Enquirer: 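Here it is, the structure, as structure tokens.
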Amino acid sequence: MAKSKPIARLRCAVKNYEWGPIGEASHVARLAERNSGEELDLARPYAEFWMGTHPSGPSYVAGDAASLKDWIAANPAVLGDKVPDKWGPDLPFLFKVLSVAKALSIQAHPDKKLAELLHKSRPDIYKDANHKPEMAVAITEFKALCGFVTAQEVKDVLATVPEVRELIGIEDNGSGLIGVKDYHSSRSNPTENGNGLANKTNGNGAVVGEESKTYLKSIFTALMSASQDAVSNAIQKLKSRLNDENKIRSLTEKEQLILMLEQQYPGDVGVVSAFFFNYVTLCPGEALYIGANEPHAYIYGECIECMATSDNVVRAGLTPKFRDVPALCSMLTYKQGFPEILRGVPLNKNVYRYTPPFEEFEVDRCSLLPDEAVKFSPVPGPSIFLVLSGTASIKIDSLNGLETFSEGDVFFLSAHTEANIMNAAAAMLVLFRAGVNERFFD
């Protein structure tokens with residue numbers, strides 16, 4: 001095994017999940033080809049490019065037979081002092097690039113306690129006992145479903161989508177959730193629910209807080225638990241109705257999404273469940289973070305992704321894979337409202353930092369025009385760098401000479417190491433860095 005150096009070139013893993021673009025249409029494919037030197041299979045999908053130590057897709061140190069995890073274990077000083085005390089001799093984050101041509105599953109990632117229980121009960125499905133908070137930074141326009149819509153939007157769905165009402169098994173138009181004044185107009189106490197409990201309402205008569213969450217959980221669980229025959233029938237009715245209405249009006253963005261998902265996953269309950277989720281479009285450079293037990297599904301586009309080192313996914317729709325509907329419906333937080341969008345905080349004119357509320361990771365985006373240079377100051381934890389496009393010359397103060405990295409190249413940088421990076425070509429240089437969240441070291 002090679003002796004530890006402050007910088008190490010990595011050979012990384014690729015995942016050929018069926019939702020990835022085929023061959024050269026995938027940015028992941030182009031990165032993987034350049035990283036490995038292996039010829040592409042132009043008939044295969046290329047979905048994810050993994051950089052890190054997770055056993056499902058480990059990186060290897062170039063010129064060495066050792067995996068990055070074994071190399072770190074043999075050279076723990078590369079992690080700095082504080083990281084091993086918290087996470088042992090390993091990276092706490094997993095760095096990825098995703099190319100998405102077809103929607104991913106309706107899913108959530110368990111918190112640490114639930115991850116341990118799921119791993120213990122079904123290790124064949126849930127491969128590790130760690131939680132998996134994550135963040136996606138768009139490198140193209142990137143579309144996703146994330147989190148539940150507001151209570152008012154849930155009311156609108158129940159009022160305007162009869163196929164959803166049919167699946168859930170309710171006859172009214174959703175007023176049981178929000179139209180408290182109308183729903184209870186014949187009651188002596190308009191803010192008392194059917195159980196004799198007081199509903200908390202806002203100025204518009206909308207149920208808020210735990211009452212809203214409880215109702216949302218009940219209708220979402222009913223929807224996701226509906227029989228396959230009922231789901232298939234409802235989707236056929238929905239598809240027919242939307243196609244007819246499209247002749248006389250413009251469909252909403254969400255309705256257009258529903259029809260697209262139906263083409264990708266005919267008869268899947270995830271198609272209609274999309275009505276209950278926020279439909280988010282990220283522009284390049286914008287980011288979205290997702291905490292434990294929050295529902296989401298990536299729809300289309302390419303992104304940089306970083307997460308805690310885990311591959312735990314609980315799925316319930318838009319997938320041919322194993323579905324765990326009871327686990328998903330019981331684990332969700334049922335928080336409502338549009339997710340926070342991060343645009344990065346400038347560290348200087350070339351580098352923007354994305355800092356989610358998770359201590360395992362942060363991401364930097366660096367763009368350099370020809371002949372521009374930037375210094376990455378030493379940090380007390382490890383980093384992984386990816387050259388997304390262009391060519392970089394890198395000077396490490398403790399080493400003689402320059403190292404050159406081009407598109408698809410990935411390198412590990414040890415803790416307490418300064419890196420001076422210059423654009424060495426005539427085109428724009430774009431690279432990303434993943435590291436331990438700076439707030440962890442405060």
Side-chain angles (χ1 to χ4, degrees), residues 10 12-17 19-21 26-32 35 45-54 56-59 91-105 107-109 128 130-147 280-292 294-313 315 339-344 352-366 383-388 408 410 430-437:
L10 301 180
C12 302
V14 66
K15 298 294 185 178
N16 302 99
Y17 303 137
W19 47 260
S26 168
H27 202 150
V28 162
R30 301 193 297 274
L31 294 172
N35 181 267
Y46 288 81
E48 295 189 358
F49 183 66
W50 288 29
M51 300 161 280
T53 59
H54 195 280
S56 294
S59 297
L91 289 179
F93 60 85
L94 176 59
F95 201 21
K96 297 182 182 181
V97 183
L98 270 61
S99 293
V100 181
K102 179 181 178 181
L104 279 67
S105 59
Q107 61 183 253
H109 306 302
D128 56 74
N130 201 14
H131 66 165
K132 192 189 175 189
E134 63 187 28
M135 178 172 66
V137 183
I139 55 179
T140 66
E141 183 177 79
F142 192 77
K143 295 182 179 292
L145 296 171
C146 184
V280 181
T281 299
L282 298 178
C283 296
E286 293 183 328
L288 177 73
Y289 64 83
I290 301 164
E294 296 295 344
H296 60 284
Y298 294 157
I299 301 299
Y300 183 81
E302 296 182 307
C303 74
I304 297 292
E305 191 180 40
C306 200
M307 63 203 67
T309 301
S310 174
D311 196 30
N312 279 326
V313 182
R315 300 177 178 89
E340 181 182 8
I341 305 300
L342 303 181
R343 293 175 176 84
Y352 283 74
R353 176 162 292 172
Y354 302 84
T355 308
F358 318 122
E359 61 185 5
E360 286 91 347
F361 61 90
E362 65 187 15
V363 172
D364 293 341
R365 173 174 58 88
C366 176
S383 300
I384 290 180
F385 286 77
L386 162 71
V387 180
L388 188 71
V410 179
V430 179
L431 56 82
F432 283 84
R433 167 194 166 267
V436 179
N437 195 316

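No experiment lies behind these values; they were computed from the predicted model shown.
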Enquirer: Taking only residues at least two apart or on different chains, which pairs with a member in residues 301-313 satisfy salt bridge (charged side-chain N to carboxylate O under 4.0 Å, His left out)?
Expert: none
Enquirer: What residues form a salt bridge (Lys or Arg N to Asp or Glu O under 4.0 Å) with K102, not counting sequence neighbours?
Expert: E18
Enquirer: Using the salt bridge (Lys or Arg N to Asp or Glu O under 4.0 Å) criterion, which residues pair with E362? Sequence neighbours excluded.
Expert: R353, R433
Enquirer: What residues form a salt bridge (Lys or Arg N to Asp or Glu O under 4.0 Å) with E286, not counting sequence neighbours?
Expert: R343
Enquirer: With sequence neighbours excluded, what pairs up with E48 under the salt bridge (Lys or Arg N to Asp or Glu O under 4.0 Å) test?
Expert: K96
Enquirer: Do S26 side-chain atoms and Y46 backbone N/O form a donor-acceptor pair below 3.5 Å?
Expert: yes
Enquirer: Could you tell me whether the side chain of D128 and the main chain of S310 form a donor-acceptor pair under 3.5 Å?
Expert: no
Enquirer: Please walk me through it: do N437 and F358 pass side chain to side chain contact (heavy atoms under 4.5 Å, CB included)?
Expert: CA-CA 7 Å; N437 195 316; F358 318 122; 5.5 Å; no
Enquirer: Passes side chain to side chain donor-acceptor pair (under 3.5 Å), E294 versus H109? Steps please.
Expert: CA-CA 7 Å; E294 296 295 344; H109 306 302; over 6 Å; no
Enquirer: Among all residues two or more places apart in sequence or in another chain, which pass the side-chain contact (heavy atoms from CB on, under 4.5 Å) test with A108?
Expert: L328, M331, L332
Enquirer: Will you find, in the side chains of Y289 and E340, an N or O donor that is under 3.5 Å from an N or O acceptor?
Expert: yes
Enquirer: Determine whether the aromatic ring centres of F142 and Y298 lie less than 6.0 Å apart.
Expert: yes
Enquirer: Taking the six-membered ring of F432 as reference, does the NZ or CZ atom of R365 fall below 6.0 Å from its centre and within a 45° cone about the axis?
Expert: no
Enquirer: Strictly distance-based, threshold 3.5 Å: is any side-chain N or O of N312 a donor or acceptor partner for the main-chain N or O of K132?
Expert: no
